[in-house]
Amino acid sequence: MIFDAIVVGGGPAGLFLACELRLAGARPLVLERRPEPDLSDKAHGLAGQVVRLLDHRGLYERCGGRGVPAPAPGFFFGGMPLPLHTLGADNPMYLLPCDQRDLERVLAERAAELGADVRRGWEVISFDQTDDQVDVLTRAPDGTETTLTARYLVGCDGGHSLVRKQAGIAFPGVSDDHVVDRSALVGPSDHIRILPGGRVHIDGLGEIPAHFHRTDRGVFTLLAHDPRRPLINTAEWEDHPAGAFPGPGAPMTLAEMEKSVERVLGVRVPLTAPPEGAPTMLRRLSGRNTRLAERYRDGRVFLAGDAAQVSHGPTLNLALQDAANLAWKLAATLRGHAPEGLLDSYGTERRACAERVVTHTLAATALLAPGAEVTALRSLFTELLGRTENLRMIAGLMAGGDVRHDMGEERPAAPTGWFVPPLDLVTGDGRPRRLAELLRDARPLLLDLTGGDALAATARPWNDRVRHVPATAAGAPAPALLVRPDGYVAWAGADPDGLEAALTRWFGPR
């Protein structure tokens, strides 16, 4: 049997890619080395337009969201609060608190519903590719070595990606060996009182911001998604780090966490373990790596998620959007509908987004470092953020919405190239619908608000690939929108000739 794609890695990127490929009609096989799901404490939420992407697929509420996604009134950059509510309708920041283990569970359930083949306990040893296929040597759970074949191979296997290394793709970047991050889930404490409005009272210190509190000695944060076991983090800049754990170095202890908190805050805060039976975590990470793959493709081999980029920033947000971008392009190629260059556009588009994440991650880290010069820089930055245009720019950077993809037009209409805005519609059958509800099946969508027949006639030869939906909407940015499965607007306007060119450019000849 030849699979359409073998996906190496069953984390969020690999599972979401499998879901997207199945929605597009492809047959992926996911190979995950771990025999059981990873229940360790990792990321704690999603931010930016990726939250709306999950809403497009009907996964927002399944991941703990309530109702319809709404912009967050505030966020942080370099530990500095961003008053996003002042942006009004221009606020691009959406938040979805969701532990990574819960996200993986939801994505695994969805992949099973869609009939994706996910195999745990399977290790990839090596691969060889030809002009037509990729042969992947694997080791099954019983130790048997088996060669599996697919049309394409996608490495979603993390920062130490075997796929990336064997494809010979360089992974340049920068490392800071002096930053030490410590994290611990702790039990309730009389010495720490969680207050409304993102504040916390520390005995002996007083009231401070819970999310980021920078001192001359480091940074303290507290996340209280579950008040029974708040997550405490510290960041310190050390001359001689003691090593990372998990990884090289002695195991992290609660006593070590206490001492780190005391160094950062200047007061001793007794810590206790979480209640028995609750998830636990004690983790020390020495050094921060920021790396970006030189390219995202080598022939029939692709990279996505942490295999393509790692940083101390929102790489989980990037990973899911990598999957959404790649899946429909692979599926179109497999069906023979892909125009020339479509697969190459994956690396061009997603690497540009990753470069922006690298930029704001490094900048935010620099703004949190100790030192009088950094304190002065933060004061200046706070003044700059008082200007609406600067706040809007930083909000777009943090939300992942500041990259406009080139859709091939010389003078594109305003929404072209951007992530599609949320719209409330009344479709041709008289039903009120949200735009997100029309994107559940991950098909390209022509949203026709013209009230005429010209665009429908133009799009008819693509009806097997593009869904045409006539509707009305108040405040729409254009008379019609051609929306790609990954949520980006490929064309906007009312000109049939422009629509025909865009349909051909992105979804193949008629």
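Just so you know, these numbers use all the heavy atoms, side chains as well, and skip hydrogens, waters and symmetry mates.
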Visitor: Determine the minimum heavy-atom distance between P28 and R22, stating which atoms define it.
Guide: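 Residues P28 and R22, closest heavy atoms: CD-CD, 3.5 Å.
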
Visitor: Can D322 and Q309 be counted as having a side-chain donor-acceptor contact under 3.5 angstrom?
Guide: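 D322 vs Q309: donor-acceptor pair found between side chains.
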
Visitor: Going from OG1 on T375 to CG on L380, what distance comes out if it is rounded to the nearest 0.5 angstrom?
Guide: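 Answer rounded to 0.5 Å: 12.5 Å.
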
Visitor: Indicate yes or no: does R505 engage E409 in a salt bridge with an N to O separation below 4.0 Å.
Guide: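 The answer is no: the pair does not qualify as a salt bridge.
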
Visitor: Is it true that a side-chain atom of T215 and a backbone atom of V264 form a donor plus acceptor pair closer than 3.5 Å?
Guide: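 It does hold such a pair.
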
Visitor: Are any side-chain N or O atoms of D99 and backbone N or O atoms of D102, one a donor and one an acceptor, separated by less than 3.5 Å?
Guide: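 Checking the backbone N and O of D102 against the side chain of D99, no donor-acceptor pair under 3.5 Å is found.
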
Visitor: Hey, does the side chain of R440 reach the backbone of A436 with a donor-acceptor pair shorter than 3.5 angstrom?
Guide: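 Present.
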
Visitor: Report yes if the side chains of V267 and E262 come closer than 4.5 Å at any heavy-atom pair, otherwise no.
Guide: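 A side-chain contact under 4.5 Å is absent here.
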
Visitor: Measuring only between side-chain heavy atoms, which start at C-beta, is I202 closer than 4.5 Å to V269?
Guide: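 The answer is yes, as the side chains (C-beta and beyond) meet within the 4.5 Å cut-off.
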
Visitor: Would you call R214 and R378 a side-chain contact if the rule is heavy atoms closer than 4.5 Å?
Guide: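 Yes, close enough: below the 4.5 Å cut-off.
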
Visitor: Given the rule in the side-chain contact (heavy atoms from CB on, under 4.5 Å) test, do V200 and L195 qualify, once you have shown the distances and angles that lead to the verdict?
Guide: CA-CA 5 Å; V200 60; L195 305 175; 5.7 Å; no

Visitor: Return the CG to OG distance between N233 and S183, rounded to the nearest 0.5 Å.
Guide: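 Separation between the atoms: 3.5 Å.
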
Visitor: Starting at CG of L271, measure out to CD1 of I192 and round the result to the nearest 0.5 Å.
Guide: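 Separation between the atoms: 5.5 Å.
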
Visitor: Compute whether any side-chain donor of one residue and acceptor of the other, for E236 and S260, lie under 3.5 angstrom apart.
Guide: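 Indeed, the side chains of E236 and S260 share at least one donor-acceptor pair under 3.5 Å.
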
Visitor: Are R392 and E389 ion-paired here, with the side-chain N under 4.0 Å from a carboxylate O?
Guide: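 So R392 does not pair with E389 through a salt bridge.
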
Visitor: Quick check against the 3.5 Å criterion: does Q49 have a side-chain atom that pairs as donor or acceptor with the backbone of G400?
Guide: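 Yes; at least one donor-acceptor contact below 3.5 Å.
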
Visitor: Has D216 got more than 12 heavy atoms of other residues, nucleotides or ligands less than 6.0 Å from its CG?
Guide: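 No, not enclosed.
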
Visitor: Taking all non-hydrogen atoms of both residues into account, name the closest pair between R465 and P444 and its distance.
Guide: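 Distance-wise, the nearest heavy atoms are O-CD, 3.2 Å.
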
Visitor: Looking only at atom types and distance, does a side-chain atom of T333 sit under 3.5 Å from a main-chain N or O of K329, one as donor and one as acceptor?
Guide: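 Answer holds: yes.
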
Visitor: Does the side chain of C156 reach to within under 4.5 Å of the side chain of V8, using non-hydrogen atoms?
Guide: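 Not touching, per the 4.5 Å side-chain cut-off.
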
Visitor: Checking H85 against N91: is there a side-chain donor and acceptor pair closer than 3.5 Å?
Guide: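 Per modelled atom types, N91 and H85 side chains form no pair under 3.5 Å.
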
Visitor: Measure from NZ or CZ of R52 to the centre of the six-membered ring of F419 and say whether it is under 6.0 Å with the direction within 45° of the ring axis.
Guide: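 No, R52 does not sit over the ring of F419.
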
Visitor: Where the side chain of R404 meets the backbone of W418, is there a donor-acceptor pair that is under 3.5 Å apart?
Guide: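 No, R404 side chain to W418 backbone: no donor-acceptor pair under 3.5 Å.
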
Visitor: Please report the shortest heavy-atom distance between V68 and Y60, naming the atom on each side.
Guide: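 Of all heavy-atom pairs spanning V68 and Y60, the closest is C-CE2, 4.2 Å.
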
Visitor: Please check this pair: side chain of R229 against backbone of L185, looking for a donor-acceptor N/O pair closer than 3.5 Å.
Guide: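 Between the backbone of L185 and the side chain of R229 there is no qualifying donor-acceptor contact (under 3.5 Å).
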
Visitor: What distance separates R164 CZ from E294 CD, expressed to the nearest 0.5 Å?
Guide: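 Result: 11.5 Å between the selected atoms.
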
Visitor: Please determine if R284 and D181 form a salt bridge, counting it only when a charged side-chain N lies under 4.0 Å from a carboxylate O.
Guide: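 Between D181 and R284 there is no salt bridge, as every charged N stays at least 4.0 Å from the carboxylate O atoms.
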
Visitor: Under a plain distance cut-off of 3.5 Å, with no hydrogens placed, do D177 and S175 share a side-chain donor-acceptor pair?
Guide: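 There is no such pair between these side chains.
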
Visitor: Let's go through T234 and V180 carefully: what are the C-alpha distance in whole Å and the side-chain angles of both, what is the deciding distance for side-chain contact (heavy atoms from CB on, under 4.5 Å) to 0.1 Å, and is it a yes or a no?
Guide: CA-CA 8 Å; T234 60; V180 181; over 6 Å; no

Visitor: Closer than 3.5 angstrom, by distance alone: can the side chain of R467 be matched with the main-chain N or O of L445 as a donor-acceptor pair?
Guide: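 The answer is no, because no donor-acceptor pair under 3.5 Å joins these two groups.
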
Visitor: Would you call R193 and D203 a salt bridge, taking side-chain N to carboxylate O under 4.0 Å as the test?
Guide: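 Between D203 and R193 there is a salt bridge, with a charged N closer than 4.0 Å to a carboxylate O.
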
Visitor: Out of curiosity, H191 NE2 to L205 CG, how far, rounded to the nearest 0.5 Å?
Guide: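 The distance works out to 14.0 Å.
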
Visitor: Please name the pair of heavy atoms, one in C63 and one in L54, separated by the smallest distance, quoted to 0.1 Å.
Guide: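 Between these two residues, the closest heavy atoms are SG-CD1, 4.4 Å.
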
Visitor: Does D424 offer a backbone N or O that forms a donor-acceptor pair with the side chain of R434 under 3.5 Å?
Guide: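 Checking the backbone N and O of D424 against the side chain of R434, no donor-acceptor pair under 3.5 Å is found.
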
Visitor: Can you find a side-chain donor-acceptor pair between R288 and T361 that sits under 3.5 Å?
Guide: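 Checked: R288/T361 side chains show no N/O donor-acceptor pair below 3.5 Å.
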
Visitor: Report the C-alpha separation of H405 and E349 in whole Å, then their side-chain angles, then the decisive distance to 0.1 Å, and conclude whether the side-chain contact (heavy atoms from CB on, under 4.5 Å) test is met.
Guide: CA-CA 6 Å; H405 294 323; E349 293 179 350; 3.4 Å; yes

Visitor: For the ring pair F220 and H213, is the centre-to-centre distance below 6.0 Å?
Guide: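 So the answer is no for these two rings.
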
Visitor: With a 3.5 Å distance limit and no angle check, can you tell me whether N317 reaches the backbone of L46 through a side-chain donor-acceptor pair?
Guide: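 Judged by distance alone, no pair lies under 3.5 Å.
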
Visitor: Just so I know, are the side chains of V426 and R431 near enough to count as touching, which here means a heavy-atom distance under 4.5 Å?
Guide: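 No - every pair of side-chain heavy atoms lies 4.5 Å or more apart.
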
Visitor: Using 0.5 Å steps for rounding, measure from the CZ atom of F77 to the CE atom of M398.
Guide: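 It is 6.5 Å, given to the nearest 0.5 Å.
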
Visitor: What heavy-atom pair brings R295 and L303 nearest, and what distance separates the two atoms?
Guide: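 Heavy-atom minimum between the residues: O-CD1, 3.9 Å.
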
Visitor: Indicate the atoms forming the closest heavy-atom contact of V403 with A352, along with that distance.
Guide: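 Minimum heavy-atom contact is CG2-O, 4.1 Å.
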
Visitor: Determine, stepwise, if the pair W237 / V219 fulfils side-chain contact (heavy atoms from CB on, under 4.5 Å).
Guide: CA-CA 10 Å; W237 279 252; V219 180; 4.3 Å; yes

Visitor: Does the side chain of V154 come within less than 4.5 Å of L330's, by heavy atoms?
Guide: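 Result yes, sub-4.5 Å side-chain heavy-atom pair found.
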
Visitor: Determine the interplanar angle of the Y346 and Y296 rings, folded into 0 to 90°, and report it as parallel if under 30°, tilted if 30 to 60°, perpendicular if over 60°.
Guide: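 If you compare the ring of Y346 with that of Y296, the planes turn out tilted.
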
Visitor: Would one find more than 12 heavy atoms of other residues, nucleotides or ligands at under 6.0 Å from atom NE2 of H201?
Guide: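 Count over threshold, so yes.
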
Visitor: Any side-chain heavy atom of P477 within less than 4.5 Å of one from P421?
Guide: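 In contact.
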
Visitor: Below 4.5 Å, heavy atoms only, C-beta onward: do V186 and P274 meet side chain to side chain?
Guide: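 SC-SC contact between V186 and P274 ruled out.
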
Visitor: Does the pair Y488 and W506 meet the rule for a ring pair (Phe, Tyr, Trp, His ring centres under 6.0 Å), with working shown?
Guide: CA-CA 12 Å; Y488 282 86; W506 290 104; over 10 Å; no

